[in-house]
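Source: prediction; values computed, not measured.
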Amino acid sequence: MGNSNEFIKFKKINVVKTVYIYHKRSYKTLSKTFGFILNYVNKNNLTIIDNPRERYIDGMWNKDSEEDYLTEIQIPIE
């Protein structure tokens, strides 16, 4: 677990079933990837049971280029 700050909060969460996708690009384009995964959820008649989660794997702390940032987007489902 990392250290929380005014922008990012860390907390323990319950294990749930999710649909997830990896986003490898700048954070500026996260909305397109969210749109893609939410479209998948809708097309497959899945039920979202909680707020989406983002797991920041690679970012400005260890990559020089925004194109190398890696984020996992998780959508909790039934």
Side-chain angles (χ1 to χ4, degrees):
M1 180 153 336
N3 296 318
S4 295
N5 61 43
E6 65 180 293
F7 302 107
I8 297 175
K9 304 294 180 211
F10 291 89
K11 64 180 180 177
K12 291 184 179 185
I13 53 179
N14 294 329
V15 176
V16 294
K17 183 176 177 181
T18 65
V19 174
Y20 66 93
I21 190 169
Y22 290 104
H23 172 85
K24 186 168 185 171
R25 281 178 223 110
S26 165
Y27 301 139
K28 296 173 192 168
T29 58
L30 271 172
S31 62
K32 291 181 182 180
T33 305
F34 264 103
F36 180 86
I37 194 170
L38 290 172
N39 187 45
Y40 176 87
V41 167
N42 288 332
K43 281 186 176 181
N44 289 279
N45 297 314
L46 301 173
T47 302
I48 298 173
I49 60 169
D50 203 350
N51 293 321
R53 305 170 178 177
E54 296 174 10
R55 185 169 73 102
Y56 302 103
I57 300 166
D58 290 315
M60 66 174 136
W61 59 91
N62 68 338
K63 297 295 179 185
D64 293 328
S65 171
E66 289 184 351
E67 296 305 310
D68 293 328
Y69 291 5
L70 181 62
T71 305
E72 179 181 17
I73 297 171
Q74 304 172 353
I75 308 291
I77 59 169
E78 283 187 321

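When side chains are defined from C-beta on, Glu78 does not count as touching Ile48, because their heavy atoms never get closer than 4.5 Å. No side-chain heavy atom of Thr18 sits less than 4.5 Å from a side-chain heavy atom of Ile75. For the pair Leu30 and Ile73, the minimum side-chain heavy-atom distance is below 4.5 Å.
The only option from Tyr69, Trp61, Tyr27 that meets the ring-ring contact (aromatic ring centres under 6.0 Å, His included) definition with Tyr56 turns out to be Tyr27.
Between Pro52 and Pro76, the shortest heavy-atom distance links the atoms CA-CD, 4.2 Å.
With hydrophobic clusters built from ILVMFWY side chains whose heavy atoms lie under 4.5 angstrom apart, Phe34 shares a cluster with Ile21.
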For residues 4-15, run the donor-acceptor check on the side chains, cut-off 3.5 Å, and write out each pair with its distance to 0.1 Å, sequence neighbours left out.
| residue | atom | partner | partner atom | Å |
| --- | --- | --- | --- | --- |
| Ser4 | OG | Phe10 | N | 2.9 |
| Asn5 | OD1 | Phe7 | N | 2.6 |
| Asn5 | OD1 | Ile8 | N | 2.8 |
| Lys9 | NZ | Asn5 | O | 2.5 |

What side-chain donor-acceptor pairs closer than 3.5 Å can you find for residues 35-47, not counting sequence neighbours?
| residue | atom | partner | partner atom | Å |
| --- | --- | --- | --- | --- |
| Asn42 | ND2 | Leu38 | O | 3.3 |
| Asn44 | ND2 | Tyr40 | O | 2.8 |

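How far CE of Met60 is from OG of Ser65: 13.5 Å, rounded to the nearest 0.5 Å.
Among residues at least two apart or in separate chains, salt bridge (Lys or Arg N to Asp or Glu O under 4.0 Å) pairs with a member in residues 59-74 are Lys28-Glu66, Arg55-Glu72.
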(message) Would Leu70 and Tyr22 count as a side-chain contact (heavy atoms from CB on, under 4.5 Å) here? Give the steps.
(response) CA-CA 7 Å; Leu70 181 62; Tyr22 290 104; 4.0 Å; yes

(request) Check the pair Lys24, Thr71 against side-chain contact (heavy atoms from CB on, under 4.5 Å), reporting the backbone distance first and the verdict last. (result) CA-CA 6 Å; Lys24 186 168 185 171; Thr71 305; over 6 Å; no

